[in-house]
Structures are given as structure tokens and as C-alpha cells.
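Here is the structure we will look at.
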Amino acid sequence: MKRWMKYVKPYWSFFLLGPLCMIVEVIGEVLMPRYLARIINLAERGELTVATGLWQTVLMVATALMMMAGGVGGAWFGAKASVNFAADLRQDVYARVQTFSFANIDKFSTGSLVTRLTNDVTQLQNFVNMLLRMFLRAPGMMIGALIMAFSLRPSLATVFTVSVPLMLVAILFIIRTGFPRFAAMQTRIDKLNNTVQENITNVRVVKSFVREDHENEKFGDANRGLKQAGMSAMKVMIFMQPVMTLFMNLTVVAVLWFGGNMVLGDGMPTGDLSAFITYVNQILFSLMMVTMMLMTSSRALASARRIREVLDEEVDIADTATADHRVTDGRVEFKNVVFRYYKSSEEPVLRNVDLTIEAGETVGIIGSTGCGKTTLVSLIPRLYDTDEGAVLVDGVDVREYPLHALRDGIGMVLQKNVLFSGSIAYNLRWGNEEASDEEMFAAAENAQADKFVRTFKDGYDTLLEQGGTNVSGGQKQRLCIARALLKKPKILILDDSTSAVDTATEAQIRHAFANELQDATKILIAQRISSVVEADKIVVMDDGAVVDIGTHEELLARCEEYGEIYYSQMEKEANGRG
């Protein structure tokens, strides 16, 4: 409860005024039947006069206006409180996700995080809104109606001793059945969101492999799963309405039977019986409202648990550094580094890696797919943390850097090039939002992107679709490189980031690196040896370990693994030319 109070305190006045307004409405609802009963009783006895009738009418109109003011006020303050509650909660969940390391993100699917930020927060918003409107209204109406009913005819009110306990038993059964079903429904929503997002993001791959039928079938399975889970949950709600209505009708029948006999035999006024029936409906209706609130709470509790999982997720890369370290030179050192993605795994992904990269060096890293190249460079900006050993930048353990300071000094172009919806200029300025147009143009020119950008009608104002799907793979790579260059990093990491460009363009990019980033440390992961042949030194990796380090000529002379890669690529090029 303490956690949620954080989102209540800033809006405590709304949370207080909403229920108070609903109490005003309840008072009016409880008083109205009594006024009506008085008019009926006076008319039945022949004592109703114009003055008396007018006075009762004025009271009823005033009460109705009071009820309207209370109802409108309760709805207004409830909406203000719930919307602000949800907005602050959503902001905190999103901010928490931003602190996650890659390992944390791997625990949650993208679709699940989207569902938690949208659907689950909305469920809590709806619950808070209903709670503020029903929390005092439902029990207040029930208590007020019970008091009025017992004050009218205590003997007739004993009918509630049978109907109310039976309704409470039914309510408990419905809640117990509904809670796990709503939790299952939220999980199904996760799966559906994952399927939709994956399909839309990779729609070009789907179409190129003519897999639309497969994707339709996969979506159909997820959709049917959600439908079945939704129907399973809705059955509880569907069952609840007729059961509650049955209890209400049986109670009204019992009141009419016994009350009718009292009217005929004991002289009970007809107006009192009419008011009593109204109070019966109010009492039973209030129990239905409690049931609805509890059903909503069961779904909200499932959503709250899922949101807590995100908020309580322990970030394995904590930004606890107190020293104000900055990346100044760009020297990188790996000391006996061991790393596992799954900490329970016996075999590490990186095994006892020792490597020193001097400031300003250009270092190539090459090796077979899955040998740990990307994982190795991901340890430099602390996208992951080592299990054993240490990674040092400028002689300081990266864990002693403030995360912002460390990553601000490193430019990284990942294997998967990501661009955001917005203009090309907007995307490039992710590297440096304060960059001038001239700096942006220069970075794009060094990345060999300026020429093709200027061919677009709107140039740097050209709007990119999400993921940059309206530019080619090579263009996307060059824009991502330009974005990293605009950052002017001390360490630049390119993870196979020129694989989609031709060798001539790649050579021009390397030439720009050599001239414009002379002081920066450049780490190039590549599949093609031609991409790293001019590097100051080349690191050969295999099965998570460094096999050898040297220049192209040195490795060609002594490193068997390097020789195999080189000659196989030369053979492919020769066959291609032939």
C-alpha cells in the first residue's frame, strides 16, 4: 500500500473530495424514498393538502439537486484523481524501464512491457476511479438503507438476515473464481502484443519469404487464446449479473409477501411498504456494486502485480558511482574477463579474456559467428557487467564511472541499426542534440550519408518511418554511423556496421575515421577481413576466447584461424569474379 500512496499524496484533495461528494449523493438517495412514502401515506389517510404536498415536493427537488451536485462532483474528482494517478505511475514505470540493463530487458518481452505500460496501468486507473466512486457510496447506501428499513419495520427487515449472507457467499465464490482468470487474460494480451509487434516490425521479411499465411495463423492462435481467456473471465461477470438479480427479485418477492400481509392485517401504511421495497433494492444494489468493485479489483490486482514486477526488478547494473570520472583518452583494458548470459550456465560466453587497446588505436575484432565479439564490446559501456575480471577505461574500472559519463564518452553502432520515427536531422541529433547544422552535415559526410540524404526532396527534414523502414539497409547503417560520429566520442565501437555498404564506400568511411577521429579509439567488429585489414591490430576470437592478436601480416603468418577466414573469403571473391 505504501508504494501506491506515492501516487495518491500529490492529489489527496481529489481523493478526499470525490468520496465525500458520493456520500452527499447517498444521503439524498436514502432520504428520497422516505419523502415519497410520506406523500403516499398522507394521501392514503386523506390528509394530503396543497401546502403539505408543495413542501414535500420542494424537499424532493432540493434533495434531487443535492444528489446531482454530489454525483457530478464525485465523478469529476474521481476522474481527476484516477487520471493523474495513472499518468504518474506510467511515467515511473517507463523511467524504470529506461534504467534496465540488457539483462533486465531480456527478462521481459517487448510486448509485455508495452502491455504493462498501457493496458495494466489503465486497469489500475479504472479501479481507482471506481474505488473513489463506490468505496463509500456502496457501503454508505447499504448501511443507510438498512437503518431506514429497520426504522420503518424491524420485523420485516429480518428478511435481510437470509438474503444478504447468501449474496455474500455468492460474491466470495465469484471473486475467487474470477481472479486467476483475469490474470491469465493479461498474459494472453502480452502474447498477442508480441505477435503483432513482431509481425509489423518485420513485415518486409514476412513478405519476402511469402509467410503471410503462417503469420496469420500465428496471430489467429494468439487471438483465439485471448478470446478464450477473455470469455473465461467474462463468464464470471456474466454469471454474476443474473445471480445477483435473482437474489434481488427473491428478496423483493419475500418483502411483498410478508409486507402485503402486514398492510392487510397489521395496518402497515402502503407508503412504508413502497419505501421498504426501495430500500431493499438499494441494499441489494449496493451489494452488486461491491461485487463489481471486487471483480474490478481482481483484475486490477493482477495488473498491479505485473506493474510491481517491473518496478521491483532489481537492476543488475546499478549507477552507484560517486567519483566524477570522465572518459578522457579512450584506453580500454580487459583483465581476465569471464561472462555468462545465464548465471547458472557452466560454460561462459567469454572465457578469461585479456586484451589492451591503447588510446587512439584502431582495432579490428574478427571471428566466427557466435564467438563473443558483440558481447565483448558490450561490456565497455556496461550494457552488461562481467561475472569475473574487470573492464577498465582509462585505467578505471567501468563500474566506478557514473553510467551517463561512461556512455557519453562512447559511441556505439550496434549490429541491429535502429532509427526512430522523425526527421533525419532529429535522428542524427540523438548523437548530440546541441550540434549545429554544419557539424551534422560534416558527420553525415564522413559517414558517406550526406550525398544520398541531399537527393531526398526534403533533405535532412525527410521523415523516417519507425525503424527507418523507408531507407535501405546501407543508408540506415550510414545514418547510424553519422549519429555516432556527431557524438564525437573518445571510443567508437562499430559492430559489423558496414556490412550493408559496398567496399568502396566502406573504404571511404574508414578513411574519414583515420582523418577525423585520430584521437579516438576505434573498435571495428567485422565479418570481412577487408574491413579490418588496415587496423593497428586485429583480435581473433573463437569460442569466447582471444586466440591471437596482431597485424594482418602477422596473423596471416602464424594464426591458423585467421588464415582459414582469410583464404575462404579470398576464394569466395575469386569465385564471384569468375
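Source: prediction; values computed, not measured.
Around atom CD of Glu358, more than 12 heavy atoms belonging to other residues, nucleotides or ligands sit under 6.0 Å away.
Counting heavy atoms from C-beta outward, Leu350 and Met541 have side chains that approach closer than 4.5 Å. For the pair Leu492/Leu485, a side-chain contact is recorded, criterion being any heavy-atom separation below 4.5 Å from C-beta on. Considering only heavy atoms from C-beta on, Leu524 stays 4.5 Å or farther from Val363 through its side chain. Using a 4.5 Å heavy-atom threshold, the side chains of Leu113 and Val93 count as separate. At a threshold of 4.5 Å between non-hydrogen side-chain atoms, the residues Leu555 and Ile549 do not count as touching. Side-chain contact check for Pro402 versus His404: every heavy-atom pair is 4.5 Å or farther apart. Put simply, the side chain of Val315 reaches to within 4.5 Å of the side chain of Arg96, judged on heavy atoms. Leu16 places none of its side-chain heavy atoms less than 4.5 Å from the side chain of Phe77.
When atom types are taken as modelled, the side chain of Lys373 and the backbone of Ser368 share a donor-acceptor pair closer than 3.5 angstrom. Of the possible donor and acceptor atoms, one in the side chain of Ser497 sits under 3.5 Å from a partner among the backbone N and O of Val413. The backbone N or O of Asp397 sits nowhere less than 3.5 Å from a side-chain atom of Glu400 that would complete a donor-acceptor pair. With Arg351 contributing its side chain and Val546 its backbone, the two residues share no donor-acceptor pair below 3.5 Å. At least one donor-acceptor pair under 3.5 Å links the side chain of Thr521 to the backbone N or O of Gly360. When atom types are taken as modelled, the side chain of Lys335 and the backbone of Leu392 share no donor-acceptor pair closer than 3.5 angstrom. For the pair Ser82 (side chain) and Asn126 (backbone), a donor-acceptor distance under 3.5 Å is absent. Side-chain atoms of Lys522 come within 3.5 Å of backbone atoms of Leu517 as a donor-acceptor pair (strictly under, hydrogens ignored). Between the Asn223 side chain and the Phe219 main chain, no donor and acceptor come within less than 3.5 Å of each other. Formation of a donor-acceptor pair under 3.5 Å by the Glu554 side chain with backbone atoms of Thr551 is found in this model.
Smallest separation of non-hydrogen atoms from Ala447 and Ala482: CB-N, 3.5 Å. Arg483 approaches Val418 most closely through the heavy-atom pair NH2-O, 2.9 Å. Considering every non-hydrogen atom in both Ser303 and Asp120, the closest pair reads OG-OD1, 2.8 Å. Closest approach of Asn427 to Gly422, counting heavy atoms only: ND2-O, 3.8 Å. Summarising the geometry of Val83 relative to Gln125, their closest heavy-atom pair is CG2-NE2, 3.7 Å, with the distance given to 0.1 Å. Residue Ala449 comes nearest to Leu479 through the heavy atom pair CB-CD2, 4.2 Å, listed as atom of the first residue, atom of the second, then distance.
Checked by atom type, the side-chain pair Asp502/Thr505 shows a donor-acceptor distance below 3.5 Å. Judged by distance alone, the side chains of Glu506 and Ser531 do bring a donor and an acceptor atom under 3.5 Å apart. Tyr11 and Asp88 form a side-chain donor-acceptor contact under 3.5 Å, judged by distance and modelled atom types alone. In the model, His552 has no side-chain atom that pairs as donor or acceptor with a side-chain atom of Tyr566 under 3.5 Å. At a cut-off of 3.5 Å, with distance as the only test, a side-chain donor of Thr374 or Asp495 sits close to an acceptor on the other residue.
Among residues at least two apart or in separate chains, salt bridge (charged side-chain N to carboxylate O under 4.0 Å, His left out) pairs with a member in residues 422-437 are Arg429-Asp437. Under the side-chain hydrogen bond (donor to acceptor under 3.5 Å, both in side chains) criterion, the residue pairs touching residues 532-543 are Glu361-Lys537, with sequence neighbours excluded.
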Would Asp385 and Leu379 count as a side chain to side chain contact (heavy atoms under 4.5 Å, CB included) here? Give the steps. CA-CA 6 Å; Asp385 265 344; Leu379 298 176; over 6 Å; no
For a ring-ring contact (aromatic ring centres under 6.0 Å, His included) check, start with the C-alpha distance between Tyr460 and Phe441, then their side-chain angles and the critical distance, and finish with the verdict. CA-CA 9 Å; Tyr460 285 85; Phe441 299 154; 4.9 Å; yes
Show your working on side chain to side chain contact (heavy atoms under 4.5 Å, CB included) between Phe85 and Asn129 and close with a plain yes or no. CA-CA 10 Å; Phe85 174 95; Asn129 193 15; over 6 Å; no
So Tyr7 and Asp92, side-chain hydrogen bond (donor to acceptor under 3.5 Å, both in side chains) or not? Walk me through it. CA-CA 10 Å; Tyr7 307 104; Asp92 277 3; 2.7 Å; yes
Could you walk me through whether Ile380 and Ile410 pass the side chain to side chain contact (heavy atoms under 4.5 Å, CB included) test, one step at a time? CA-CA 8 Å; Ile380 301 173; Ile410 299 171; 3.7 Å; yes
Walk me through whether Gln569 and Ile529 qualify under side chain to side chain contact (heavy atoms under 4.5 Å, CB included). CA-CA 8 Å; Gln569 291 184 5; Ile529 284 183; 3.7 Å; yes
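Using bins of under 30°, 30° to 60° and over 60° for the plane-to-plane angle, the ring pair Trp430/Phe420 lands in the parallel bin. Ring geometry for Phe339 against Tyr341 counts as perpendicular: the plane angle is over 60°, on a 0 to 90° scale with 30° as the lower cut.
Rounded to the nearest 0.5 angstrom, Asp519 CG and Lys488 NZ are separated by 12.5 Å. To the nearest 0.5 Å, atom CG of residue Leu419 and atom NZ of residue Lys476 are 6.5 Å apart. For the atom pair Asn119 CG and Arg116 CZ, the distance stands at 11.5 Å (nearest 0.5 Å). The CZ atom of Arg305 sits 11.0 Å away from the CD1 atom of Ile307 when rounded to the nearest 0.5 Å. Taking CZ of Arg558 as the start and CD of Glu553 as the end, the distance is 11.5 Å to the nearest 0.5 Å. Rounded to the nearest 0.5 Å, atoms CD1 (Ile525) and CG (Leu376) are 7.0 Å apart.
A salt bridge links Lys218 with Glu215: at least one charged nitrogen is closer than 4.0 Å to a carboxylate oxygen. A salt bridge does not link Arg340 to Glu347: none of the charged side-chain nitrogens sits closer than 4.0 Å to a carboxylate oxygen. The pair Asp324-Arg326 meets the salt-bridge criterion, with a side-chain N (NZ, NE, NH1 or NH2) lying under 4.0 Å from an Asp/Glu carboxylate O. The existence of a salt bridge linking Lys490 and Asp329 is excluded, since no basic side-chain nitrogen approaches an acidic carboxylate oxygen closer than 4.0 Å. Residues Arg331 and Asp394 are not paired through a salt bridge, judged by the lack of any N-O separation under 4.0 Å between the basic side chain and the carboxylate. Salt bridge annotation for Arg454-Asp450: present, with a cationic side-chain nitrogen under 4.0 angstrom from a carboxylate oxygen.
In this structure, Arg407 fails the cation-pi test against Tyr401, since its NZ or CZ atom is not both closer than 6.0 Å to the six-membered ring centre and inside 45 degrees of the ring normal.
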